[in-house]
Amino acid sequence: MAKVIGHWINGQEVGLDAKETKPIFNPATGEETAQVAMATLNDVDLATQAAEKAFSQWRNTSIAKRTQIIFKFRELLEAKKPELAKIITSEHGKVLSDALGEITRGQEVVEFASGVGHLLKGFHTENASSEVDVYSIRQPLGVVAGITPFNFPAMVPMWFFPVAIAAGNCFILKPSEKDPSSAMWLARLWQEAGLPDGVFNVVNGDKVAVDGILEHKKIKSVSFVGSTDIAKYVYENGTKNGKRVQALGGAKNHMLVLPDADLDLTADAAVNAGFGSAGERCMAISVIVAVEPVADELISRIKSRMGAIKVGDGTKACDMGPLVTKEHRNKVAGYVDAGEAAGAKLVVDGRAVNPDGAPGGYWLGPTLFDEVSSNMSIYTDEIFGPVLSVVRVKTYEEGIKLINDHPYGNGTAIFTNDGGAARRFQNEIEVGMVGINVPIPVPVAYYSFGGWKSSLFGDHHAHGVEGINFFTRGKVVTQRWLDPSHGGINLGFPQNN
Ligand code: NAD
C-alpha cells in the first residue's frame with residue numbers, strides 16, 4: 001500500500017484515512033511514490049478553525065518573539081535544505097542544484113520577513129492639531145491562504161507565508177497536488193522552529209479545496225500562483241466573496257536581441273533561461289526576438305550549446321531533468337508537432353532525446369524552432385516546457401510591438417551593448433519584470449515579484465513592501481489627552497487649529 005500524504009492542521013498530520021487520494025509520481029522513473037489526500041470542505045473548515053483560534057494569540061505575540069521564530073526557521077532551513085532539495089527533485093524532477101537554488105531564493109524572503117519590526121513601523125505626527133497627535137499602524141488580516149503551482153513547490157509558497165506570518169497572520173497553504181511533500185516538510189520545520197500550532201497549516205487537494213478556500217467566510221485573503229485561466233477564476237471568485245486577492249498567472253517571456261549584443265553572452269543566457277528546469281519556470285525565456293541581421297549567427301551559437309545539454313535523472317550529474325507528469329510531457333511534445341505542422345523550422349528536435357535515466361521517465365529534450373510567426377500556437381500559447389522559438393524582426397520597433405501585443409506580461413529581457421536602447425526598452429515595454437542583459441530578472445526579496453496584463457490579477461505583487469501591504473490593513477489613530485477643563489459640547493465638524 002502506497003504511503004499517504006495527509007494535511008497539516010493544528011500542528012499535526014491528519015487525513016491519512018481520506019476517502020479520495022491522488023497518486024504522486026517520480027518523474028524520472030515514472031514510478032508511483034505516494035498517494036496524497038484530497039481535502040473535503042470539512043478539512044478546509046478544520047484548518048480555518050485551527051488558524052482562527054491561533055490568530056487571537058499570534059497577532060499579539062511580540063514582534064521580538066515573532067522575529068526569533070522566523071530567524072530560527074531560517075537557520076533550520078539553511079542547515080537542512082539538501083533534504084528539501086531531494087524531496088523537490090523526487091516529485092518535480094528538476095536537477096538537485098536547481099532545487100537548492102529555488103530554496104535559496106525562497107529563503108531570501110524569510111530573511112526579508114525577519115526584518116518585520118522595521119517593515120511594520122507606521123508614521124507619527126505630533127501636534128497635527130493643537131495637542132492632537134496622529135499616527136498610523138498596520139494590522140494583520142487574520143486567516144489568509146496561499147494556493148501554489150507545481151513548478152516551485154518550496155519557493156513560491158515562501159513568496160507569501162514568511163511575510164504573512166511575520167505580519168501576524170495565520171496561514172493555510174494549498175500546494176500543488178503534483179508535488180505536495182515540500183509543503184509538509186516546511187510545516188514540520190515551522191514546528192521545530194517554535195511556531196505555535198495552527199499558525200501554519202497545509203491542506204492538500206484540488207479544485208474542491210480551492211473552492212472551499214474561495215468560499216470560506218473566515219479566510220480574508222488569497223495569494224494564488226498558477227496558470228492564467230485558474231488565476232482569473234480565483235481572482236473573480238475570491239473578490240466576489242469579499243477577499244483580498246493577488247493572483248499571479250502564466251507567462252510567455254520574450255528576449256529581444258539587438259544586433260550589437262555580445263552573442264556569446266546572449267547565447268548562454270538564452271540556453272540557460274530557456275531550458276533550465278526543463279522550461280517549467282514562469283520566468284523562462286520562451287521566445288527570442290532577433291533583430292536582423294543577428295538571427296543566423298545567434299541560432300548557430302545556441303544550437304552548438306544545446307548539443308552539450310545533458311538530460312537525465314536530476315539526482316545525477318545532469319543539466320535538465322524530466323517534465324513533471326506524463327500528460328504534461330505529451331502536451332509539450334504535441335506543441336513541437338504543431339510547430340512543425342504550422343511551418344516553423346525545427347532546428348533542434350527534443351523528441352529525439354537520449355536521456356541518462358530510466359525508460360519510464362517523462363523525457364523531452366530541448367527544442368529550438370526558427371522562423372516562428374505570431375499566429376502559430378508555439379508562439380501564442382504558454383508551452384511550459386523546453387521549447388524555444390526564434391521570431392525574426394527587422395527593427396527594434398517591430399520587436400517592441402510584438403512583445404507589447406502579447407497578452408502575457410510577466411518577464412522580458414533585452415540583450416544589447418547600447419545603454420540608450422536599453423533605457424528606451426525599460427520605458428516602453430509593457431511587462432512587469434525587465435532584465436537588461438539579465439535573462440531571468442526575478443526581483444530580490446525586498447523588491448516585489450509580479451507581472452502585468454494576463455500574468456497578474458489584483459493590485460499587489462508578491463513579497464517586498466507590497467507583500468507587507470497585502471497582508472496588513474492600515475489604521476490611522478487621532479489622539480489627544482486634554483485637561484478636563486477643555487471639555488464641552490460642540491457639534492461642528494472637527495477642524496484643525
Ligand atoms: P495550475 O493552474 O494547474 O495549478 C495551480 C494551482 O491551482 C494548484 O494548486 C492546483 O491544484 C490549482 N488548480 C488546478 N486546477 C484548478 C481548478 N480547475 N480550479 C481551482 N484550482 C485549480 O498551474 P500549474 O500547472 O501547477 O503551474 C504552472 C503554471 O503556473 C504556469 O502557467 C506558470 O506560468 C504559472 N506560474 C506563474 C508564476 C508567476 O509568478 N506568475 C510562478 C510560477 C508558476
Side-chain angles (χ1 to χ4, degrees), residues 20 22 24 27 36-39 44 91-94 102 105-106 109 145-160 172-180 182-183 202-215 222-238 245-253 276-286 323-325 327-329 331-332 381-385 406-412 431-433 440-443 448-458 460-464 466-467:
E20 201 199 335
K22 281 191 177 166
I24 306 294
V36 61
M38 294 291 106
V44 173
E91 291 187 349
H92 175 285
K94 64 177 75 173
E102 87 155 270
R105 292 306 305 261
V109 183
I147 301 164
T148 52
F150 80 84
N151 69 318
F152 284 109
M155 181 185 79
V156 168
M158 283 195 275
W159 281 352
F160 305 107
I172 300 174
L173 174 61
K174 206 303 281 169
S176 167
E177 65 274 42
K178 296 186 180 111
D179 48 9
S182 300
V202 178
V203 165
N204 278 308
D206 52 14
K207 182 170 165 47
V208 173
V210 171
D211 287 341
I213 288 170
L214 295 177
E215 279 159 26
V222 177
S223 302
F224 173 89
V225 181
S227 52
T228 285
D229 286 353
I230 315 282
K232 206 160 173 269
Y233 171 83
V234 166
Y235 183 75
E236 286 171 1
N237 286 284
V245 181
Q246 50 181 182
L248 286 70
K252 190 81 181 177
N253 304 315
S277 197
E280 293 170 329
R281 288 180 183 145
C282 64
M283 290 293 274
I285 291 292
S286 47
L323 276 85
V324 67
T325 58
E327 294 69 33
H328 188 56
R329 185 257 165 229
K331 184 175 166 200
V332 176
D381 297 6
E382 178 183 45
I383 300 175
F384 221 56
H406 205 286
Y408 291 117
N410 211 40
T412 189
V431 172
M433 293 171 283
I440 308 184
V442 174
S448 298
F449 184 108
W452 286 16
K453 302 189 284 188
S454 297
S455 295
L456 186 135
F457 303 90
H460 290 88
H461 292 196
H463 60 70
E466 294 209 24

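Note that ligands are numbered from 1 as they come in the structure, with each ligand's atoms numbered from 1 the same way. No experiment lies behind these values; they were computed from the predicted model shown.
Within the 3.5 Å criterion, the main-chain N or O of Pro157 finds no donor-acceptor partner in the side chain of Thr148. A donor-acceptor contact shorter than 3.5 Å is absent between the side chain of Lys94 and the backbone of Val324. Using modelled atom types, no side-chain atom of Thr228 and backbone atom of Gly249 make a donor-acceptor pair closer than 3.5 Å.
By the 3.5 Å distance cut-off applied to N or O atoms, Val225 is not counted among the residues near ligand 1. Considering backbone and side-chain N/O of Lys207, none are found under 3.5 Å from N/O of ligand 1. For ligand 1, one of its N or O atoms has an N or O atom of Phe150 under 3.5 Å away. An N or O contact shorter than 3.5 Å is missing between Thr228 and ligand 1 by distance.
Each of the following atoms of ligand 1 lies closer than 4.0 Å to a heavy atom of Phe384: 28 (C), 31 (C), 33 (C), 34 (O). Below 4.0 Å from some heavy atom of Trp159 lie the following atoms of ligand 1, by number and element: 40 (O). Atoms of ligand 1 found under 4.0 Å from any heavy atom of Cys282, numbered from 1 in the order shown, are 34 (O), 36 (N), 37 (C), 38 (C), 39 (C), 40 (O), 42 (C), 43 (C), 44 (C). In the vicinity of Glu177, heavy-atom distances shorter than 4.0 Å reach the ligand 1 atoms 10 (C), 11 (O). For ligand 1, the atoms closer than 4.0 angstrom to any heavy atom of Gly250 are 32 (O), 34 (O). Which parts of ligand 1 touch Asn151 is read off a 4.0 Å heavy-atom cut-off, strictly below it: atoms 43 (C), 44 (C). Proximity to Lys174 (heavy-atom distance under 4.0 Å) selects the following atoms of ligand 1: 8 (C), 9 (O), 10 (C), 11 (O).
Between the side chains of Asp211 and Tyr233, at least one donor-acceptor pair of N or O atoms lies under 3.5 Å.
The number of heavy atoms from other shown groups lying within 6.0 Å of NZ (Lys453) is above 12.
Of all protein heavy atoms, the one closest to atom 13 (N) of ligand 1 is Ile230 CG2, 4.1 Å.
Which of Gly411, Gly226, Pro149 comes nearest to atom 35 (C) of ligand 1 through a heavy atom is settled by distance: it is Gly226. For the residues Met283, Glu382, His461, the heavy atom positioned nearest atom 31 (C) of ligand 1 is part of Glu382.
When distances from atom 7 (O) of ligand 1 to the protein are checked, a heavy atom turns up under 4.0 Å.
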